[in-house]
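Please read the structure below before turning to the comments.
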Amino acid sequence: MRLVAWQPDDLLRRLDDVVDVYGEAMGYRQELLQTRRGYIGAHVRRPGFRAVATLTTDGRLAGFGYGYTSGPGQWWHDQVRSALDDPSRAYWLTDTFEVVELHVRPAAQGHGVGARQLRALLAMAEGSTVLLSTPEADEQRSRAWRLYRRFGFVDVLRDFIFPGDERAFAILGRTLPVTERAAEDAPGIVGM
Ligand SMILES: CC(C)(COP(=O)(O)OP(=O)(O)OC[C@H]1O[C@@H](n2cnc3c(N)ncnc32)[C@H](O)[C@@H]1OP(=O)(O)O)[C@@H](O)C(=O)NCCC(=O)NCCS
């Protein structure tokens, strides 16, 4: 498996595979995936966009992750902003990179692919903080939660409900750059 940095057009060229990996990883139904496909296509043009992908030796997409600079006027940013008090806004939302998606095909999970993707993405990210949202879950039993905690993400908001989604989410954050040992044991990105 090989980790690569993607430019916006690289992601757009593999958009079918990206949506496929996303659907497999999250277990989402087709209808919802088509809506997400539209969003993802638009996200690549946002300021500070960074993306990574993991390819198998025969070029199949095993996983991907991307994010961009979080700013007013973005739906996610505005939702989180409205739930934070002023000091928290100033700290978390002034100069922040949002990890928007991070997924690994179920068959490839559990081998450090997600950790390598996250480490590479955060190494390329601009900002003094990074935020992400993840569904509330048992922290010990959820691979995503274990990954984020290992990277030093702390609670920013818990049990947050985004409009239009009945599931509760946690908003997690940490400062950049990432230097902790936990994030350092994964090999670097190809071509960088
Ligand atoms: C969350 C997700 C991205 C993590 O990716 P992953 O490749 O499965 O996760 P990791 O890189 O942490 O690897 C998993 C395990 O391998 C271990 N590991 C790490 N590096 C390793 C290596 N080099 N070799 C072998 N194992 C390794 C880790 O300790 C980890 O163990 P743990 O999960 O028992 O704590 C992935 O599981 C996924 O797509 N899940 C579904 C979608 C999702 O929840 N996405 C995030 C939504 S916000």
Side-chain angles (χ1 to χ4, degrees), residues 1-4 6 11 14 17-30 32-33 35-37 39-40 43 50-57 60-68 70 74-77 79-80 92 96-125 129-162 165-174 178 180-190:
M1 298 241 232
R2 165 170 92 86
L3 181 66
V4 294
W6 263 357
L11 190 150
R14 300 291 298 258
D17 296 329
V18 163
V19 173
D20 197 42
V21 169
Y22 179 70
E24 265 194 41
M26 295 300 277
Y28 284 158
R29 55 183 199 284
Q30 273 307 316
L32 191 122
L33 289 178
T35 313
R36 287 307 300 178
R37 188 192 164 89
Y39 289 133
I40 295 171
H43 287 167
R50 299 285 186 275
V52 294
T54 304
L55 304 171
T56 62
T57 44
R60 272 170 44 86
L61 185 67
F64 73 96
Y66 76 81
Y68 45 69
S70 189
Q74 297 168 1
W75 183 84
W76 190 95
H77 179 101
Q79 294 302 324
V80 173
W92 289 112
T96 197
F97 181 83
E98 180 194 338
V99 174
V100 181
E101 304 295 351
L102 181 78
H103 303 291
V104 176
R105 263 190 218 280
Q109 290 176 10
H111 301 286
V113 171
R116 278 195 289 274
Q117 290 184 162
L118 184 58
R119 174 174 171 260
L121 192 58
L122 298 185
M124 298 189 301
T129 57
V130 52
L131 289 179
L132 57 82
S133 50
T134 194
E136 289 284 355
D138 180 334
E139 294 197 20
Q140 306 308 318
R141 299 184 61 170
S142 157
R143 191 161 265 156
W145 273 88
R146 289 196 300 265
L147 178 68
Y148 298 141
R149 290 302 196 208
R150 209 159 68 230
F151 270 71
F153 279 83
V154 299
D155 295 348
V156 176
L157 285 170
R158 295 296 302 261
D159 294 309
F160 184 70
I161 304 288
F162 287 100
D165 195 331
E166 64 214 15
R167 288 170 310 167
F169 281 79
I171 314 298
L172 305 178
R174 60 151 296 146
V178 174
E180 278 86 334
R181 213 200 74 72
E184 283 170 359
D185 57 2
I189 197 162
V190 169

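All ligand and atom numbering here is 1-based and tracks the order in the structure. Residue indices begin at 1 and follow the sequence shown.
- With a 4.0 Å cut-off on non-hydrogen atoms, V104 touches ligand 1 through its backbone as well as its side chain.
- With rounding to the nearest 0.5 Å, the separation of CG in L11 from CZ in R14 is 10.0 Å.
- A salt bridge does not link D20 to R37: none of the charged side-chain nitrogens sits closer than 4.0 Å to a carboxylate oxygen.
- Set against the non-hydrogen atoms of M26, the atoms of ligand 1 under 4.0 Å away are 42 (C), 43 (C).
- Judged as a ring pair (Phe, Tyr, Trp, His ring centres under 6.0 Å), and not counting sequence neighbours, the contacts of H103 are Y22, F64.
- For ligand 1, the atoms closer than 4.0 angstrom to any heavy atom of V113 are 7 (O), 11 (O).
- Salt-bridge formation is not detected for the pair R60/D17: no Lys NZ or Arg NE/NH1/NH2 atom is positioned less than 4.0 Å from an Asp or Glu carboxylate oxygen.
- Nearest-residue assignment for atom 21 (C) of ligand 1 (options P135, A108, G112, A137; heavy-atom criterion): G112.
- Counting heavy atoms under 4.0 Å from ligand 1, residue H111 touches it through the backbone alone.
- To the nearest 0.5 Å, atoms CD (Q117) and OG1 (T54) are separated by 3.5 Å.
- Distance alone, capped at 3.5 Å, places no donor-acceptor pair between the E139 side chain and the W145 backbone.
- For the pair R150 and ligand 1, a heavy-atom separation below 4.0 Å is found.
- At a heavy-atom distance under 4.0 Å, no atom of F151 approaches ligand 1.
- No N or O atom of T134 sits closer than 3.5 Å to an N or O atom of ligand 1.
- Using a 4.0 Å cut-off between a side-chain N of Lys or Arg and a carboxylate O of Asp or Glu, R158 and E136 qualify as a salt bridge.
- You'll find the side chain of E101 stays beyond 4.5 Å of the side chain of V18, heavy atoms only.
- Counting heavy atoms under 4.0 Å from ligand 1, residue S133 touches it through the backbone alone.
- Close contacts between ligand 1 and Y148 involve ligand atoms 46 (C), 48 (S) [criterion: under 4.0 Å to a heavy atom].
- A search for ring pair (Phe, Tyr, Trp, His ring centres under 6.0 Å) contacts involving Y66 returns H43, F49, not counting sequence neighbours.
- The distance from ligand 1 to the heavy atoms of L147 drops below 4.0 Å at these ligand atoms: 4 (C), 12 (O).
- Each of the atoms 3 (C), 45 (N), 46 (C) of ligand 1 lies under 4.0 Å from some heavy atom of L102.
- Every atom of ligand 1 with a heavy atom of G114 under 4.0 Å away is listed here by number and element: 5 (O), 6 (P), 7 (O), 11 (O).
- Residue contact check: H103 has heavy atoms under 4.0 Å from atoms 39 (O), 42 (C), 43 (C), 45 (N) of ligand 1.
- For ligand 1 and Q109, the ligand atoms under 4.0 Å from any heavy atom of the residue are 8 (O), 36 (C), 37 (O), 38 (C), 39 (O), 40 (N), 41 (C).
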